[in-house]
Amino acid sequence: MRCRQNPIANGDGYYFGLMTKSTRVLVVANQKGGVAKTTTAINLAASLAMANQRVLLIDLDPQANLTSGVGLKDRATDAGTIYEALIGEDVTPSAFVLPTSVDHLSLVPANRQLTGAEIELVAFANRERRLRPFVDALRADFDYIFIDTPPSLGLLTLNGLVAADRVLIPLNCEYFALEGIADLLATLDRVRAGLNPALALEGVLLTMYDDRTNLGQQVSHNIREFFGDQVYRTVIPRNIRLGEAPSHGVPVILYDARSRGAEAYVALAHEFLARERGQPPSASGATPDDPPPGADGVDEKGRP
Ligand code: ADP
Ligand code: MG
């Protein structure tokens, strides 16, 4: 499926497309499962691609949800998947890149075989640095590279953190959202202390926000108190279309561009790009003072 609608390529997208800047490598990390790491990687990447940015997704999770979420389950080039890229010697990184159905959006896929890498990597002297040269070799071809990680702080996630310039942390607005965050922050400190001193925090994204509950508001308040300005103003609402899109193998923007889930990720892409330019956050995104209306059902305009 080719993209027919392009909600962010007009105006801003054209402008952003003219920007000259160096490639940014982002790792999406949180050792908790189900916080929307993969959903954020797919949909932020797709929204940026639709704003004429050249974007690469790298699937570093043996569950391969990112790969299936862009409709490329069990697909790979002759070179193989990210597993062969990590374990092999003298690989050609560009040979692993697959195009997706979204213009400007490419993928280095994964499959279940990657489960073995967590153990096999231990045998390598530079076990945490296997991904970095692979990613560095691809910088010239892309504006943004997003690495999706598994729900653990094991060797695969470490490889992602060592290969990246910045970390994006999705947190779901539920009671235990901040539980375990100390372990993640300690891991970031350890990586900075040795393996990747330049690793910075890109931002914290509130996901699965349900404004029907006081809990969502309370948790988002606590997270903002803890992380301050590092939290994106854009909040991703709980939205059924975001859960449905992966089974159709497309980003939500191609599945239902009018859904609140799609609009939220487009707003996030705007805020992300504005931050890249060092501008104050755009007012287009939902904010905690102006949360997206409704929750899992339809909003007041009858949208899903
Ligand atoms: P992670 O990669 O952190 O494990 P996922 O991105 O796979 O998390 O999300 C977990 C599940 O929740 C998936 O089924 C996904 O489709 C769904 N999901 C993610 N974000 C939302 C949302 N905002 N609203 C509703 N469902 C969501
Ligand atoms: Mg995932």
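Read the numbers this way: they start at 1 and go in the same order the structure lists the ligands and their atoms. Treat the numbers as computed from the prediction; the structure is a model and nothing was measured.
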Verdict with reasoning, Arg233 to Glu271, per salt bridge (charged side-chain N to carboxylate O under 4.0 Å, His left out):
CA-CA 8 Å; Arg233 285 166 54 94; Glu271 183 180 354; 5.4 Å; no
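The number of heavy atoms from other shown groups lying within 6.0 Å of CG (Asp136) is above 12. Environment of OH in Tyr175: sparse, with no more than 12 heavy atoms of neighbouring residues, nucleotides or ligands closer than 6.0 Å.
Assignment of Gly261 to the shell around ligand 1 is not supported, since no heavy atom sits closer than 4.0 Å. Contact annotation: Thr207 has no heavy atom less than 4.0 Å from any atom of ligand 1. At least one heavy atom of Pro237 sits closer than 4.0 Å to an atom of ligand 1. Within the 4.0 Å heavy-atom cutoff, Pro151 does not count among the residues contacting ligand 1.
Every atom of ligand 1 with a heavy atom of Ile236 under 4.0 Å away is listed here by number and element: 23 (N). Counting atoms of ligand 1 from 1 in the listed order, those under 4.0 Å from a heavy atom of Arg238 are 23 (N), 24 (N). Near Gly34, meaning under 4.0 Å from any of its heavy atoms, are these atoms of ligand 1: 1 (P), 3 (O), 4 (O), 8 (O), 10 (C). Annotation for ligand 1: atoms under 4.0 Å from non-hydrogen atoms of Gly33 are 4 (O).
Considering backbone and side-chain N/O of Val35, one or more are found under 3.5 Å from N/O of ligand 1. Between Ala36 and ligand 1, a contact under 3.5 Å exists for at least one N or O pair. On a distance-only criterion, Asn239 and ligand 1 share at least one N/O pair closer than 3.5 Å.
Below the 2.8 Å limit, the Mg ion (ligand 2) has as protein N, O or S neighbours Thr38 OG1.
Annotation: side chain of Ile236 is in contact with side chain of Leu205 (closest heavy-atom distance under 4.5 Å).
No continuous path of ILVMFWY side-chain contacts below 4.5 Å connects Val35 to Leu156, so the two sit in separate hydrophobic clusters. Hydrophobic cluster membership differs between Phe227 and Met208, with clusters built from Ile, Leu, Val, Met, Phe, Trp and Tyr side chains linked at under 4.5 angstrom.
We find that Arg241 and Glu244 are joined by a salt bridge, their nearest charged nitrogen and carboxylate oxygen being less than 4.0 Å apart. Salt bridge Glu118/Arg127: absent, no basic N to carboxylate O contact under 4.0 Å.
How far CG of Asn111 is from CD of Glu84: 7.0 Å, rounded to the nearest 0.5 Å.
For Tyr265 and Thr40, the side-chain atoms include at least one donor-acceptor pair closer than 3.5 Å. Asp59 and Thr67 share a side-chain donor-acceptor pair at under 3.5 Å.
In this structure a side-chain-to-backbone donor-acceptor pair under 3.5 Å is missing from Asp143 to Gln53.
Evaluated by nearest non-hydrogen atom to atom 19 (C) of ligand 1, the leading choice among Val28, Thr39, Thr38 is Thr39. Here the shortest heavy-atom distance to atom 20 (N) of ligand 1, taken over Gln63, Lys37, Met208, belongs to Met208.
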